[in-house]
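To start, the structure under review is shown below, and the notes come after it.
Just the heavy atoms: all of them, side chains too, but no hydrogens, waters or symmetry mates, feed the values below. What you see is a predicted model; the values in this text were computed from it and never measured. In this chain, residues are counted from 1 in sequence order.
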Amino acid sequence: MQFTPYLNFDGNCREAFTFYEKLLGGKIKQISTFGEVPENEKMPADMRDRIIHVNLQVGEQELMGSDTVADTCEGGGYQKPQGLWVSIGVPTQEEGQRVFDGLAEGGDVRMPFEKTFWSGGFGMVVDRFGTPWMVNVIYK
C-alpha cells in the first residue's frame, strides 16, 4: 500500500511543482494541461493552460497535483488546504534547514525550524502556494 499527497492549486500548479522539483531534488515525470484533454475546444480558453495532472518523483516518493476547476470540485473551485500537513522526513539538520528555508520563502512560518525533544530539527510552514508542510529530521 502507498499513500501519495495530491495537492490542488488555483492556477499556479505549474509554478509550484517547478519550485518543488528544484527544492526537493526531484523530477517531474508527467505534466498535462486541461487543453490536452479530448474535446478541449469546449473548454473556456482561460482553462486550457491549467494543469490537470502533474507527477513529481523524489527518490522513491511521489507528489502529485493539479489546478482546480470551479464546476468540478465539490464546494466550487479552489479551497485552501485544511486539516492536514504534508510531512517531509530529512536525514540531517542541515538538509531540514535548507528545505524549510526554501518553503518559508514568501510563505507563513507557523513553527520555526529548531531542535525539539524528538528531533534535531522540526518546523511547520505554509508555503507561498498555500501548501502546509512539516519538515522533520528523522533519527535512525
Side-chain angles (χ1 to χ4, degrees):
M1 187 176 297
Q2 177 182 340
F3 297 95
T4 303
Y6 199 99
L7 308 177
N8 291 129
F9 299 87
D10 190 22
N12 57 355
C13 182
R14 182 183 303 274
E15 179 186 359
F17 269 77
T18 300
F19 171 73
Y20 299 152
E21 178 182 44
K22 183 177 179 183
L23 178 68
L24 303 175
K27 176 74 176 153
I28 293 176
K29 295 293 187 179
Q30 178 192 4
I31 189 162
S32 302
T33 66
F34 283 94
E36 295 173 293
V37 301
E39 300 187 29
N40 65 15
E41 67 278 352
K42 296 178 183 177
M43 187 176 304
D46 63 339
M47 287 298 306
R48 293 184 186 148
D49 288 336
R50 284 183 171 240
I51 302 302
I52 193 170
H53 181 72
V54 61
N55 179 308
L56 173 64
Q57 190 79 36
V58 182
E60 305 254 338
Q61 302 295 313
E62 288 183 309
L63 186 64
M64 296 185 198
S66 67
D67 287 312
T68 58
V69 183
D71 61 354
T72 62
C73 292
E74 190 173 318
Y78 177 76
Q79 296 179 10
K80 290 183 179 182
Q82 297 180 37
L84 67 97
W85 294 81
V86 180
S87 181
I88 301 176
V90 295
T92 67
Q93 195 276 341
E94 293 78 16
E95 179 67 357
Q97 189 69 64
R98 183 192 70 78
V99 170
F100 184 86
D101 289 347
L103 293 169
E105 188 175 316
D108 180 19
V109 173
R110 301 292 175 88
M111 181 178 174
F113 187 81
E114 58 193 16
K115 185 177 171 83
T116 67
F117 67 90
W118 72 85
S119 173
F122 176 83
M124 299 170 71
V125 61
V126 177
D127 71 17
R128 67 180 181 253
F129 305 105
T131 302
W133 299 91
M134 293 188 302
V135 180
N136 187 56
V137 176
I138 300 171
Y139 285 125
K140 296 192 183 217

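- Distance check, rounded to the nearest 0.5 Å: CD of Glu95 to CD of Gln97 gives 11.0 Å.
- Hydrophobic clustering keeps Met134 apart from Ile88 (ILVMFWY residues linked when any side-chain heavy atoms are closer than 4.5 Å, directly or through intermediates).
- Hydrophobic clustering, with ILVMFWY side chains joined whenever heavy atoms are under 4.5 angstrom apart, groups Phe19 together with Val135.
- Of all non-hydrogen atoms in Met124 and Phe100, the two that sit nearest each other are N-CE1, 3.5 Å.
- Proximity of a side-chain donor or acceptor of Arg14 to a complementary backbone N or O of Arg50 within less than 3.5 Å is not detected.
- Between the side chain of Gln57 and the backbone N or O of Gly59 there is at least one donor-acceptor pair closer than 3.5 Å.
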Which side-chain N or O atoms in residues 102-113 pair as donor and acceptor under 3.5 Å with protein atoms at least two apart or in another chain?
residue, atom, partner, partner atom, Å
Asp108, OD2, Arg110, NE, 2.8
Asp108, OD2, Arg110, NH2, 3.3

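- Annotation for Phe3 and Pro5: closest pair O-CD, 4.1 Å, computed over non-hydrogen atoms.
- Distance OG1/Thr18 to CD1/Ile28: 4.5 Å, rounded to 0.5 Å.
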Working for side-chain contact (heavy atoms from CB on, under 4.5 Å), residues Ile52 and Glu36 = CA-CA 9 Å; Ile52 193 170; Glu36 295 173 293; 5.8 Å; no
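- Under the 3.5 Å distance criterion, the side-chain polar atoms of Asp49 are left unmatched by any main-chain donor or acceptor of Thr33.
- Around the CZ atom of Arg48, the shell of radius 6.0 Å holds more than 12 heavy atoms that belong to other residues, nucleotides or ligands.
- To the nearest 0.5 Å, atom OH of residue Tyr20 and atom SG of residue Cys13 are 9.0 Å apart.
- Nearest approach of Phe122 to Asn136, heavy atoms of both residues: CD1-OD1, 3.4 Å.
- Here the NE2 atom belonging to His53 is positioned 11.5 Å from the CZ atom belonging to Phe34, to the nearest 0.5 angstrom.
- Rounded to the nearest 0.5 angstrom, Ile138 CD1 and Thr92 OG1 are separated by 11.0 Å.
- Atoms CD and CG, from Glu21 and Leu56 in turn, are 6.5 Å apart once rounded to the nearest 0.5 Å.
- Residues Val125 and Trp85 approach most closely at O-CZ3, 3.7 Å, considering heavy atoms.
- Between Tyr6 and Gly65 the shortest heavy-atom distance is OH-O, 3.3 Å.
- Linking ILVMFWY residues whenever their side-chain heavy atoms come closer than 4.5 Å, directly or via other members, places Val54 and Val86 in the same cluster.
- Take Asn55 and apply the side-chain hydrogen bond (donor to acceptor under 3.5 Å, both in side chains) test, not counting sequence neighbours, and it matches Glu62.
- Within 6.0 Å of the CD atom in Gln61, the count of heavy atoms belonging to other residues, nucleotides or ligands does not exceed 12.
- Residues Leu23 and Met64 do not share a hydrophobic cluster, clusters being chains of Ile/Leu/Val/Met/Phe/Trp/Tyr side chains in contact below 4.5 Å.
- Between Ile51 and Ser32, the closest side-chain pair of non-hydrogen atoms is not below 4.5 Å.
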